Amino acid sequence: MGKSKGANRFANLEISAIQPDAGTRSGAPVRDVAFYMREGLARELAGEHEKALTNYSAALGEDPLHIEAWTRQLWMLLYLGEAAEAVVWANKALQTYPRDPDILSLKALAQWRCGFAKEARELNDAALSATRESANVWLARGEMQAAADNKSANACFKHAAAAPGETGLAEMRAGDILLLIRKYAEAIPFCRAATVRFHDSSWAWYIYGLAQRGVGRDEYARAAFMRAHNLSPRDSRYRAALKRRRSWLARAREWLFGNRS
């Protein structure tokens with residue numbers, strides 16, 4: 001995960017550096033909120049989280065009240081390892097949406113990753129008490145439960161997948177969370193669901209490969225990495241994953257027992 005590159009890096013985050021005037025040219029797409037949200041999701045599905053952050057921030061520049069742009073901006077900060085910065089921006093969003101369960105739960109998740117477990121749980125409890133169903137609330141709760149080896153974590157992630165929102169996105173993020181805490185077997189079904197929904201997402205195939213490699217299924221992993229590399233051939237992460245050799249233990253296991261997956 002990325003580290004902070006300076007105190008002013010996110011000083012004007014919600015006012016993106018992307019210029020919206022390109023839409024004024026004949027034949028060019030109109031660069032409105034919908035455009036930036038689509039572009040942000042496309043970059044996210046490619047694993048380009050910094051570029052996704054820029055686009056979601058540009059959406060907020062067009063409409064500072066766009067709640068989904070706020071939540072996706074917070075997610076990208078978390079993906080980039082900027083949990084403390086995510087707390088700062090969640091607080092900014094809460095000035096407008098003080099009881100919004102999505103913002104509350106993502107602030108809770110950011111606090112959790114900063115090490116403030118008690119505060120994070122209390123905030124997530126507050127988010128759970130909201131009347132609106134939210135995938136983000138369950139994703140945050142799932143990470144907290146999974147980190148404590150609580151068996152209810154899987155139920156939390158399933159609740160997230162069933163909640164309203166972009167189909168497949170909750171599954172992908174559930175898979176990412178489980179990979180982050182090295183629960184590879186638990187991550188597999190969520191990562192697989194993400195590849196089914198986003199079959200052209202190099203990131204979805206990449207995390208599916210990581211989950212499979214984590215449980216020793218190297219042939220499945222290699223096929224997933226190949227798909228990710230073919231979709232984004234310039235991305236060094238996918239190329240490196242594809243080239244990485246299997247461990248001697250995995251090769252020995254296959255020689256002794258055969259591939260029974």
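Owing to the predicted nature of the structure, the values given are computational and were not obtained by experimental measurement.
Of the possible polar contacts, one joining the S134 side chain to the V137 backbone as a donor-acceptor pair under 3.5 Å is found. Side-chain N or O atoms of R237 include one that pairs as donor or acceptor with a backbone N or O of G47 at under 3.5 Å. The backbone N or O of A228 lies less than 3.5 Å from no partner atom in the side chain of S202, so there is not a single donor-acceptor pair. One N or O on the side chain of T54 and one on the backbone of E50 form a donor-acceptor pair closer than 3.5 Å. The backbone N or O of D235 sits nowhere less than 3.5 Å from a side-chain atom of S232 that would complete a donor-acceptor pair. In this structure a side-chain-to-backbone donor-acceptor pair under 3.5 Å is missing from R213 to A221.
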Does the side chain to side chain donor-acceptor pair (under 3.5 Å) test come out yes or no for S236 and R239, once each step is laid out? CA-CA 5 Å; S236 60; R239 184 168 59 252; 5.0 Å; no

Does the side chain to side chain contact (heavy atoms under 4.5 Å, CB included) test come out yes or no for K243 and Y238, once each step is laid out? CA-CA 9 Å; K243 289 182 177 180; Y238 308 147; over 6 Å; no

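Residue-environment remark: OH (Y97) exceeds the threshold of 12 foreign heavy atoms within 6.0 Å.
Summarising the geometry of L231 relative to H199, their closest heavy-atom pair is CD1-O, 4.1 Å, with the distance given to 0.1 Å. What you find for G175 and C191 is that their closest heavy atoms are CA-SG, 3.8 Å. Of all heavy-atom pairs between L60 and Q73, the closest is CD1-OE1, 3.6 Å. Taking all atoms of both residues into account, the shortest heavy-atom contact from A90 to I103 is O-CG2, 3.6 Å.
Salt bridge status for R31 with E39: absent, with no side-chain N to carboxylate O gap under 4.0 Å. Salt-bridge formation is not detected for the pair E44/K51: no Lys NZ or Arg NE/NH1/NH2 atom is positioned less than 4.0 Å from an Asp or Glu carboxylate oxygen. We find that R72 and D102 are not joined by a salt bridge, their nearest charged nitrogen and carboxylate oxygen being 4.0 Å or further apart.
Both M76 and V33 belong to a single network of hydrophobic side chains, linked directly or stepwise wherever heavy atoms of I, L, V, M, F, W or Y lie under 4.5 Å apart. Note on L104 and V88: same hydrophobic cluster, where clusters join Ile, Leu, Val, Met, Phe, Trp and Tyr whose side-chain heavy atoms are under 4.5 Å apart, directly or indirectly. Follow the hydrophobic side-chain contacts under 4.5 Å out from Y184 and you reach Y208 in the same cluster. In terms of hydrophobic clustering, with Ile, Leu, Val, Met, Phe, Trp and Tyr side chains grouped at heavy-atom distances under 4.5 Å, V87 and L106 are assigned to different clusters.
Here the side chains of Y56 and W70 are not in contact, with every heavy-atom distance at 4.5 Å or above.
Aromatic ring orientation, F225 versus Y206: tilted (interplanar angle from 30° to 60°).
Here the two rings, on H49 and W203, have centers that are under 6.0 Å apart.
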